[in-house]
Amino acid sequence: MSRNILITGGAGFIGSHVVRLFVNKYPDYKIVNLDALTYAGNLENLKDVERASNYVFEHANVLEPGMLQEIFEQHNITDVIHLAAESHVDRSILSPMDFIYTNIIGTVNLLAIAKNYWKENFDVHRFHHVSTDEVYGTLGDEGFFTEQTGYAPNSPYSASKASSDHFVRAYGETFHIPYVITNCSNNYGPNHFPEKLIPLFINNIIQKKPLPVYGKGENTRDWLYVIDHARAIDLVFHEGKTGEHYNVGGFNEWKNIDLVKLLCKLMDKKLNRAPGESEALITYVKDRPGHDLRYAIDATKINKELGWKPSLTFEEGLSVTIDWYLQNEDWLKHVTSGKYQNYYTEQYSNR
Ligand code: NAD
Ligand code: TYD
């Protein structure tokens, strides 16, 4: 079946991998990438597909319903994969309103337009909302998040994503929008903006700058290679059951401090530095307020129902990721110039 898929946030980290996968794998689909190109959006991420005949870029904001309506009409949009969001927890602590606008109101704008545009026959359409495991809040030392875990978001970011998930569900229940939601754990890989732990620390190690570990470094995250997330989105988009959630995770938990030490070890080798040189950059700084202790996903449902599992081990994925950053220092330089410096100073100078 031919489809005209609107992928929002396609110039960002995960979105660019989803766009690339769909453009290359489905030549009969038209892929419309809608992105406002905030600090996190970068068309350099998509250089290899920008001339593909089944790819179109629309510079637009999910906060502008008029533009969304025009884009739906112009491209006869049949499906949505919604990734556009403000995505960084620390920024949500500095300025929560941006998250409320884009993540909540932006999502409702898209739902409202899809509802009106698809009203003749909802059955042939799909609204895939890409969300996070952070909506479930935090775990203690044991247990996993399943699709039945209650929502208990703790940061303005996770609260805004939880709210957007609720609106997607509500539009499904009330107006029959045919939705699926994926809740994924922490991603890493190429094109990750260097404000998040792994790319920030890779960049700082390259530059021999301090590695600011929050608190004691005991918080735990479940890490997944970004292309494995894109594969999961592809599967759920095509084969997931309407009205259901699918948790996506790597079965790959790491305490931050252990992860950082592994990263330092791998980078010392790749940069021909003496063992321990990068580890000496570790600096413990003031903890993040409301810092969730542990995230861990039970991805049994997507594995059993759709046959998905991660394709790379963490060491393989980290190694590929470090190599990508070492080979793309221009990309790193571009995204860390200008306003990035202001954010860095505001976030780290008083810790
Ligand atoms: P990102 O910050 O790298 O990219 C977000 C993209 O959305 C950028 O291209 C940005 O320009 C665009 N955008 C932001 N505001 C917009 C607006 N108002 N209108 C249009 N476009 C806008 O984020 P990411 O890490 O790629 O995350 C993508 C999605 O996946 C988000 O919804 C996030 O909540 C979710 N998610 C992320 C992770 C993770 O580890 N990064 C894990 C699970 C779920
Ligand atoms: P991050 O990459 O921001 O993802 P999230 O908060 O969505 O999980 O952070 C991952 C973990 O690393 C989290 O426990 C916070 C911690 N962290 C640091 O210790 N120092 C840093 O400079 C950053 C950005 C994160």
Side-chain angles (χ1 to χ4, degrees), residues 8-9 11-15 35-42 61-63 82-109 130-138 151-165 184-188 191-204 207 209-221 256 259-260 282-295 332-351:
T8 70
F13 167 47
I14 302 169
D35 201 294
L37 300 180
T38 67
Y39 78 93
N42 184 352
N61 196 309
V62 292
L63 293 172
H82 179 38
L83 296 108
E86 289 292 339
S87 68
H88 189 34
V89 173
D90 291 325
R91 286 186 191 253
S92 82
I93 296 167
L94 295 173
S95 54
M97 283 315 277
D98 296 341
F99 289 71
I100 290 160
Y101 285 123
T102 288
N103 298 2
I104 306 177
I105 298 174
T107 301
V108 178
N109 281 340
V130 177
S131 191
T132 166
D133 60 352
E134 303 192 23
V135 297
Y136 298 122
T138 188
Y151 276 30
N154 291 319
S155 72
Y157 164 66
S158 54
S160 69
K161 290 297 289 187
S163 175
S164 68
D165 292 12
C184 189
S185 63
N186 286 58
N187 286 212
Y188 70 97
N191 305 104
H192 204 181
F193 193 81
E195 63 185 355
K196 309 273 170 71
L197 180 74
I198 290 180
L200 176 74
F201 280 31
I202 291 175
N203 188 27
N204 285 12
Q207 297 186 50
K209 280 170 64 175
L211 306 177
V213 172
Y214 297 162
K216 294 182 180 151
E218 285 185 343
N219 305 67
T220 299
R221 298 292 183 262
N256 291 340
L259 187 164
V260 170
I282 292 175
T283 313
Y284 292 93
V285 300
K286 198 166 108 201
D287 209 354
R288 172 190 279 171
H291 196 174
D292 286 334
L293 178 66
R294 176 171 164 257
Y295 303 145
L332 253 183
K333 279 196 192 114
H334 292 172
V335 302
T336 53
S337 59
K339 284 191 178 151
Y340 176 87
Q341 302 301 337
N342 303 341
Y343 164 75
Y344 200 89
T345 309
E346 187 173 6
Q347 175 63 19
Y348 293 103
S349 60
N350 292 322
R351 289 191 106 100

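Hydrogens, waters and symmetry mates are skipped; everything else that's a heavy atom, side chains included, is used. Numbering starts at 1 and runs along the sequence shown.
Looking at residues two or more places apart in sequence or on another chain, you find a ring-ring contact (aromatic ring centres under 6.0 Å, His included) between Tyr348 and Tyr344. A search for ring-ring contact (aromatic ring centres under 6.0 Å, His included) contacts involving Tyr101 returns nothing, not counting sequence neighbours. By the ring-ring contact (aromatic ring centres under 6.0 Å, His included) test, Tyr157 is found to be paired with no residue, residues two or more places apart in sequence or in another chain being considered. Under the side chain to side chain contact (heavy atoms under 4.5 Å, CB included) criterion, Ala36 pairs with Thr38, Asn61, sequence neighbours left out. Every side chain to side chain contact (heavy atoms under 4.5 Å, CB included) that Tyr284 has, sequence neighbours left out, goes to Val213, Ile257, Ile282. Arg91 pairs by the side-chain hydrogen bond (donor to acceptor under 3.5 Å, both in side chains) definition with Tyr39, Glu195, not counting sequence neighbours. Scanning for ring-ring contact (aromatic ring centres under 6.0 Å, His included) contacts around Tyr136 gives Phe145, Tyr151, with sequence neighbours left out. Applying the side-chain hydrogen bond (donor to acceptor under 3.5 Å, both in side chains) rule to Thr220 yields no partners; only residues at least two apart in sequence or on another chain are considered. A search for side chain to side chain contact (heavy atoms under 4.5 Å, CB included) contacts involving Thr283 returns Pro210, Val285, not counting sequence neighbours. The side chain to side chain contact (heavy atoms under 4.5 Å, CB included) check on Val108 picks up Phe167, Tyr171, with sequence neighbours excluded. For Asp90, the salt bridge (charged side-chain N to carboxylate O under 4.0 Å, His left out) partners are Arg288, not counting sequence neighbours.
Taking both residues in full, the closest heavy atoms of Thr102 and Ala85 are given as CG2-CA, 3.8 Å, listed atom of the first, atom of the second, then distance. Residues Asp165 and Ser131 share a closest heavy-atom pair of OD1-OG, 2.9 Å. Taking every heavy atom of both residues into account, Arg294 and Thr138 meet most closely at N-OG1, 3.2 Å. Closest approach of Ser160 to Ile104, counting heavy atoms only: O-CG1, 3.6 Å. Nearest heavy-atom pair across Phe99 and His88 is CZ-O, 3.3 Å. Counting all heavy atoms, side chain and backbone alike, Lys196 lies closest to Pro199 at O-CD, 3.3 Å.
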From CA spacing to verdict: side chain to side chain contact (heavy atoms under 4.5 Å, CB included), Tyr214, Asn219: CA-CA 9 Å; Tyr214 297 162; Asn219 305 67; 5.9 Å; no

Side chain to side chain contact (heavy atoms under 4.5 Å, CB included) between Leu83 and Val130, worked out: CA-CA 5 Å; Leu83 296 108; Val130 177; 3.7 Å; yes

Worked verdict on Asn342 versus Glu346 for side-chain hydrogen bond (donor to acceptor under 3.5 Å, both in side chains): CA-CA 6 Å; Asn342 303 341; Glu346 187 173 6; over 6 Å; no

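Rounding to the nearest 0.5 Å places NZ of Lys161 at 5.5 Å from CG of Asn103.
Taking the side chain as every heavy atom from C-beta outward, Val335 and Phe193 approach each other to under 4.5 Å. His334 is not listed as a side-chain neighbour of Asn42, based on a closest heavy-atom distance of 4.5 Å or more. Within the 4.5 Å cutoff, the side chain of Pro194 has heavy atoms near those of the Leu332 side chain. Counting heavy atoms from C-beta on, the side chains of Val62 and Thr107 never come closer than 4.5 Å.
Residue pairs that meet the salt bridge (Lys or Arg N to Asp or Glu O under 4.0 Å) test with at least one member in residues 209-221, sequence neighbours left out, do not exist here.
Side-chain atoms of Ser92 come within 3.5 Å of backbone atoms of Val89 as a donor-acceptor pair (strictly under, hydrogens ignored). Side chain of Ser158 to backbone of Val135: no donor-acceptor contact under 3.5 angstrom is found. Formation of a donor-acceptor pair under 3.5 Å by the Asp133 side chain with backbone atoms of Asn186 is not found in this model.
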